[in-house]
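Heads up, the thing below is written out as structure tokens.
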Amino acid sequence: MLLHTLAQQFHSSHFIMSCRGKPRTAENHDTNLKEVTSTSPGRLRHTAFEETTKKPKKQGQQTQKKSEEKSDGPKTRQGRTTQDQQTQKKSEEKPDGPKTRQGRTTNPFTEKRLDIPANGTKAKTCSTRKTSMETTTGDDTNTKQKPKPETHKDISKTSPKTTTKVKTPKATLLVQFFEDPTNAELHQAAEIKTHTLAAAKPTKAKTRANNATRGRTEAQPDGAEDRTVDCILKKTLNKLKIKTKERSDAARVINDFIKHLIKYLKENTISFKEVGEPLRTGSYYEHLKISNPDEFDIMLPILAERIQIEPFKMNGAFYSVALKREMNPLKKFQQNNILSGFEMLKEFRKEVKTFAKGFSEWTMTSKKTGCPAVTLTTLVETTTISLDIVLCLQVNSHWPTFTDDGLKIEQWLGDKVKQKYKWKPYYLVPKYEGKGTEENEGVLAKDVWRISFSHVEKDIMNNHGSKKTCCEKSGTSCCRKDCLKLLKYLLHLRKEKDSSMSKFCSYHAKTTLLHACCSKSKDSDWKVSNLRGCFEHLLQEFEGHLKNVELYNFFIPSQNLLSDIRQNRCITLANWIKEQRETGFPVFQQDLQDTN
DNA sequence: TCCTCGGCCGAGTCG
DNA sequence: CGACTCGGCCGAGG
């Protein structure tokens with residue numbers, strides 16, 4: 001969700017920043033800037049602009065996209081450069097095998113990524129999802145496999161255990177879980193110890209605690225417990241997978257709606273007719289959506305040229321926008337020289353509403369204060385899916401100075417990848433906090449924009465390996481995404497039962513993972529065989545953020561994402577997560593039982 | 001192993 | 001010539 005990116009409030013500043021203050025190019029005139037092919041990465045892009053008279057539409061964006069690719073070197077897919085790739089492809093791609101994604105074959109950014117040697121603490125090779133059949137570790141995400149002793153060894157090494165402390169219903173839940181005849185897969189997984197568990201009897205929740213001690217101490221040696229927790233995590237992950245049919249149905253409906261909406265905006269509106277290619281962001285498009293494909297985030301960008309931005313508050317997340325160009329089509333949304341996010345969103349919402357009248361199966365939800373999205377819902381089969389359409393400004397300029405100390409991915413993804421991201425545009429969404437009446441230097445809060453790097457987040461999530469082959473067919477799989485899914489789900493389960501936790505959101509989880517990936521930057525730190533250890537490490541990181549009430553925006557280190565959440569709530573959540581971690585995730589066990 | 005979706009590209013078409 | 005559409009290909013995931 002984009003909406004979850006909670007904006008936090010800090011103190012005001014008068015720091016004036018022009019988005020052209022650090023121009024990428026000296027050729028920023030009153031015409032659109034279009035990049036043309038450059039054969040060199042990074043800074044050569046400075047000189048790779050070409051003036052065009054008018055066409056900020058699709059073409060412009062496509063051109064930009066292309067040039068970004070090309071500026072990375074001949075890295076286009078399969079190194080396609082000319083017309084005969086079609087035939088070349090067949091012969092070339094096979095040997096390229098694992099390196100072909102996004103033309104990584106020759107991508108100077110990725111090729112020169114830092115492949116830092118492993119710490120040497122984990123000697124075991126990590127099996128891959130796709131090639132697990134060939135390996136002996138049996139660490140496929142497929143839960144049908146029996147946990148192997150190796151796995152256990154690995155886990156026990158890296159996860160601080162509490163196996164000797166007996167104090168929760170965990171063991172009983174485990175026992176019940178394996179007792180359930182419907183848990184066929186787990187039966188297989190737990191075959192090794194079923195005889196010791198057979199005596200336990202499924203009962204109601206209340207009696208579980210009573211049985212816990214016995215189940216734990218008598219029936220389960222530590223190793224068995226480790227494997228069991230592993231199974232629970234894998235089983236939970238399996239449960240979170242999106243069904244192909246649901247995905248297919250939802251994608252069809254969403255894409256159809258968006259396609260027609262864009263057509264409508266181009267043909268029937270003045271203010272939004274130059275809307276660019278939709279940016280599909282958020283968890284669904286990052287392959288991080290869990291359970292159901294029921295939330296879609298799509299940003300519709302409008303190229304904002306010749307603008308000047310000024311921080312609205314001290315945390316660097318919010319900005320006011322002024323148009324420098326007289327003839328700007330967005331001029332009508334200016335008030336007191338400030339481009340009003342509120343006014344622009346209001347008109348956008350009106351247009352979407354008009355359009356949606358022709359789609360009777362779609363319902364527009366009421367406006368939420370400060371929310372940048374126009375949200376529509378529809379029913380697909382039996383599931384209600386919601387579509388957040390976020391109007392945004394695309395700014396092809398240097399990122400604001402507040403981001404200078406963010407995105408610390410050098411050790412993880414490499415300097416060049418970081419540079420590549422820094423050359424991408426950034427986006428501004430009409431989002432504010434509070435009632436919008438707060439004033440700062442003559443600017444009303446409701447007129448401000450919040451900066452967004454959803455496009456980079458998505459790219460990182462889909463290219464998350466320190467090694468370029470991470471999670472590719474012939475490479476080694478990691479469990480970064482699985483850990484994040486589990487954390488998101490853990491949070492979800494808690495929020496479901498406790499409304500006081502509503503301010504916590506999946507963006508907190510995602511940000512925690514990003515930070516964790518920077519501190520544990522090697523792919524070998526995230527072996528799929530060590531899912532439990534990695535997940536528990538991620539939880540510990542999250543607990544630390546919560547206890548300190550400090551979780552900084554990955555891109556804007558001055559923004560604390562927890563700053564407007566009460567400390568005691570953070571502590572409460574941290575303690576709960578710690579307990580879950582130390583007792584084998586009873587909430588997951590219960591959830592799996594409820595499913596069966 | 002095969003399928004679907006999303007992303008990306010070049011070729012083709014239209015005005 | 002630019003704007004736009006279409007179809008092919010690939011990787012990720014199921």
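Atoms considered below: every heavy atom in the structure, side chains included; atoms not considered: hydrogens, waters and symmetry mates. Below, chain A is the first sequence line, B the second, and so on; all start at residue 1.
- Atoms CD1 (A:Ile254) and C1' (B:dT4) sit 16 Å apart, rounded to a whole Å.
- Nearer the 5' end of DNA chain C, as judged by each residue's closest nucleotide, is the contact made by A:Lys263, out of A:Lys263 and A:His287.
- Ring orientation note: the planes of A:Phe555 and A:Phe453 are close to parallel, at an angle under 30° on the 30°/60° scale.
- Atom CD1 of A:Ile242 and atom C1' of C:dA12 are 12 Å apart (whole Å).
- In this structure, the CD atom of A:Glu286 is 15 Å from the C1' atom of B:dG7, given to the nearest Å.
- Of the listed nucleotides (C:dG14, B:dG6, C:dG13), C:dG13 has the atom at the smallest distance from the side chain of A:Lys481.
- Rounded to whole angstrom, the span from the CD atom of A:Glu277 across to the P atom of B:dC9 amounts to 12 Å.
- In terms of phosphate contacts, A:Asn462 brings no side-chain nitrogen or oxygen within less than 4.0 Å of OP1 or OP2 of C:dG11.
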Exercise. Run the side-chain contact (heavy atoms from CB on, under 4.5 Å) check on A:Leu288 and A:Leu484 step by step: do they pass?
Worked result: CA-CA 8 Å; A:Leu288 289 168; A:Leu484 178 51; 3.6 Å; yes
For this session: I would like to know whether A:Tyr426 and A:Tyr421 meet ring pair (Phe, Tyr, Trp, His ring centres under 6.0 Å); could you show each step before the answer?
Result: CA-CA 10 Å; A:Tyr426 65 90; A:Tyr421 289 146; over 10 Å; no
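- For the pair A:Pro278 and A:Leu300, the tightest heavy-atom approach, listed with the atom from each and the gap, is CB-CD2, 3.8 Å.
- Atom CD1 in A:Ile385 sits about 13 Å away from atom P in B:dC5, given to the nearest Å.
- Dashed line: the shortest gap from a side-chain N or O of A:Tyr284 to OP1 or OP2 of B:dG6 is under 4.0 Å.
- The side chain of A:Lys458 has B:dG7 as its nearest neighbour among C:dG14, B:dG7, B:dG6.
- Counting only distance, with no hydrogens or angles, the side chain of A:His515 and the backbone of A:Thr512 share no donor-acceptor pair below 3.5 Å.
- Taking atom CZ of A:Arg247 as the reference point, atom C1' of C:dG11 lies 11 Å away to the nearest angstrom.
- Taking only side-chain atoms of A:Arg280, from C-beta outward, the nucleotide of C:dG14, B:dG7, B:dC5 with the closest atom is B:dG7.
- Checking A:Lys259 against A:Lys243, the closest nucleotide of DNA chain C that is more toward the 5' end is the one next to A:Lys259.
- Rounded to whole Å, the distance from CZ on A:Phe296 to P on B:dG6 is 7 Å.
- If you measure from atom CG of A:Asp249 to atom C1' of B:dT4, you get 11 Å, rounded to the nearest angstrom.
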